[in-house]
J.: 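Mind having a look at this structure? Questions to follow.
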Protein chains: 2
Amino acid sequence: MAQYPEALSRLIRELKKLPSIGQRTAERLAFHLLNQPEEEVRLLSESLVELKAKIRPCKECFNFSEGELCAICQDPRRDRSLICVVSHPPELWKLERTNGYHGLYHVLGDLISPVNDVQPEDIHIEELMQRLQGGQVKEVILALDPKVEGEATAMYLARKIKPLGISATRIAQGVPIGRDLEFADELTLSRALQGRVSI
Amino acid sequence: MAQYPEALSRLIRELKKLPSIGQRTAERLAFHLLNQPEEEVRLLSESLVELKAKIRPCKECFNFSEGELCAICQDPRRDRSLICVVSHPPELWKLERTNGYHGLYHVLGDLISPVNDVQPEDIHIEELMQRLQGGQVKEVILALDPKVEGEATAMYLARKIKPLGISATRIAQGVPIGRDLEFADELTLSRALQGRVSI
């Protein structure tokens, strides 16, 4: 039984590292790419390099950004009295798509988890507390995964935020319990935002 | 509603061009890649460039190859009295995986199709006929899609091959009718190879 040429095997091997891409899918993608004009494959290849070269965390909120500050932090129309805290950028973008939120964000990078050895100092909590020093923020909305780690992180943050005279709320538990926030549909997320309650 | 940074949008746009990858999957893959070390993303990017730079058609059988001749055409253990004709390389690799075939191959590149304006001279038929001149080939196995275009191409080839005193066979119609050969399972393909009949 002959083996694929090395360059083809190599691409299949790299594609299989991606989430939900197995051997068969990787092969189909590789065969498809072999049939594409060189220009098309080059565009994909370049966009991968550019992704890592150009995108970095916003220095204010840790959202994905091409500049020092992300488009949201730079936008003068955003309500600067509101900060919505999420664990990762995909959740921020999911909330953006609900079109129901016009405040700022803060991306923690992870959730507090003694089991996985993630301590409060390992995530962007200190930077959040610094943003709250200015006196402009009136409310911090905690939009964290409705799971143990999300609840623990929300509780930890609420205890640090409330003494500053800033209200800490969390999105309503309309989001399905026990699943990653990233998989919630936009309507559920939108309702959860509206129904947020003080903690 | 904020937009993704341009470099992120661009990668999502490129990923969506791939078969069976929609907006959501492209976003998930892009977010995943953003979280990977630069080295990992570079490996994927490079393997794409390398694919197009290194792989070309074998000058004998038109299989994917890194050299002038593919590994199969170069292998002295292959039975040179047998040529199996397929339309595209993925089908060749599928047949290889059955482990039941040890002859050579010939990749046509397409199937004759008046509807899609594919004429016999548009595919590698002339090159196949040249390979049959040497007198070494005793049998040509036609492993073409069991659909109108595959049947038409098989008939066309059989009429050109038989006058040379070379037998033309086709793989048994054990393969499910009306579907692309690429989707057949290996056992079905293996049986179809064994049960090939003269046409």
J.: Relative to chain B, which of L29(A), I72(A), L15(A), V49(A) shows the most heavy atom pairs under 4.5 Å?
T.: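 Top option by heavy-atom pairs under 4.5 Å: L29(A).
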
J.: Under the side chain to side chain contact (heavy atoms under 4.5 Å, CB included) rule, what do L11(A) and L44(B) come out as? Steps first, then yes or no, please.
T.: CA-CA 7 Å; L11(A) 177 62; L44(B) 174 57; 4.0 Å; yes

J.: Taking the side chain as everything from C-beta on, heavy atoms only, tell me whether L8(A) gets closer than 4.5 Å to F31(A).
T.: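 When only atoms from C-beta onward are counted, F31(A) and L8(A) do touch, with a gap below 4.5 Å.
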
J.: Using only distance, no hydrogens or angles, which N or O donor-acceptor pairs sit under 3.5 Å between chain B and chain A?
T.:
from    : atom 1 : to      : atom 2 : distance (Å)
A2(B)   : N      : E96(A)  : OE1    : 2.6
Y4(B)   : OH     : R97(A)  : NH2    : 2.4
E6(B)   : N      : E66(A)  : OE2    : 3.1
A7(B)   : N      : E66(A)  : OE2    : 2.4
R10(B)  : NH1    : E50(A)  : OE1    : 3.0
R10(B)  : NH1    : E50(A)  : OE2    : 2.7
R10(B)  : NH2    : E46(A)  : OE1    : 3.4
K17(B)  : NZ     : E40(A)  : OE1    : 3.1
R24(B)  : NH2    : E186(A) : OE2    : 3.1
E27(B)  : OE1    : R97(A)  : NH2    : 3.3
E27(B)  : OE2    : R97(A)  : NH2    : 3.0
R28(B)  : NH1    : E182(A) : OE2    : 3.0
L33(B)  : O      : K52(A)  : NZ     : 3.4
L34(B)  : O      : K52(A)  : NZ     : 2.8
Q36(B)  : O      : K52(A)  : NZ     : 2.5
E40(B)  : OE1    : K17(A)  : NZ     : 3.0
S45(B)  : O      : S45(A)  : OG     : 3.0
S45(B)  : OG     : S45(A)  : O      : 3.0
S45(B)  : OG     : S45(A)  : OG     : 2.8
E46(B)  : OE1    : R10(A)  : NH2    : 3.4
E50(B)  : OE1    : R10(A)  : NH1    : 3.0
E50(B)  : OE2    : R10(A)  : NH1    : 2.7
K52(B)  : NZ     : L33(A)  : O      : 3.4
K52(B)  : NZ     : L34(A)  : O      : 2.7
K52(B)  : NZ     : Q36(A)  : O      : 2.4
E66(B)  : OE2    : E6(A)   : N      : 3.1
E66(B)  : OE2    : A7(A)   : N      : 2.4
E96(B)  : OE1    : A2(A)   : N      : 2.6
R97(B)  : NH2    : Y4(A)   : OH     : 2.4
R97(B)  : NH2    : E27(A)  : OE1    : 3.2
R97(B)  : NH2    : E27(A)  : OE2    : 3.0
E182(B) : OE2    : R28(A)  : NH1    : 3.0
E186(B) : OE2    : R24(A)  : NH2    : 3.0

J.: Please examine the side chains of V140(B) and I161(B), heavy atoms only from C-beta on, and report whether any two atoms are closer than 4.5 Å.
T.: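 SC-SC contact between I161(B) and V140(B) confirmed.
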
J.: Might you work through the side chain to side chain contact (heavy atoms under 4.5 Å, CB included) test for L33(B) and L18(A), ending with a clear yes or no?
T.: CA-CA 8 Å; L33(B) 287 164; L18(A) 298 173; 3.7 Å; yes

J.: Report the residues that fulfil side chain to side chain contact (heavy atoms under 4.5 Å, CB included) with L164(A), sequence neighbours left out, ordered by chain and then residue number.
T.: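 For L164(A) the side chain to side chain contact (heavy atoms under 4.5 Å, CB included) partners, ignoring immediate neighbours, are M129(A), L132(A), I166(A).
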
J.: Using heavy-atom distances under 4.5 Å, tell me whether P37(B) contacts chain A through its side chain, its backbone, both, or neither.
T.: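 For P37(B), the backbone is the part near chain A, not the side chain.
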
J.: Output the option from I21(A), L92(A), V41(A) having the highest count of non-hydrogen pairs under 4.5 Å with chain B.
T.: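 Between I21(A), L92(A), V41(A), the count favours V41(A).
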
J.: Measure across L51(A) and A7(B) and return the closest heavy-atom pair with its distance rounded to 0.1 Å.
T.: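 So the minimum-distance heavy-atom pair works out to CD1-O, 4.0 Å.
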
J.: List the steps, then state whether side chain to side chain contact (heavy atoms under 4.5 Å, CB included) holds for C84(B) with L95(B).
T.: CA-CA 9 Å; C84(B) 181; L95(B) 288 160; 3.8 Å; yes

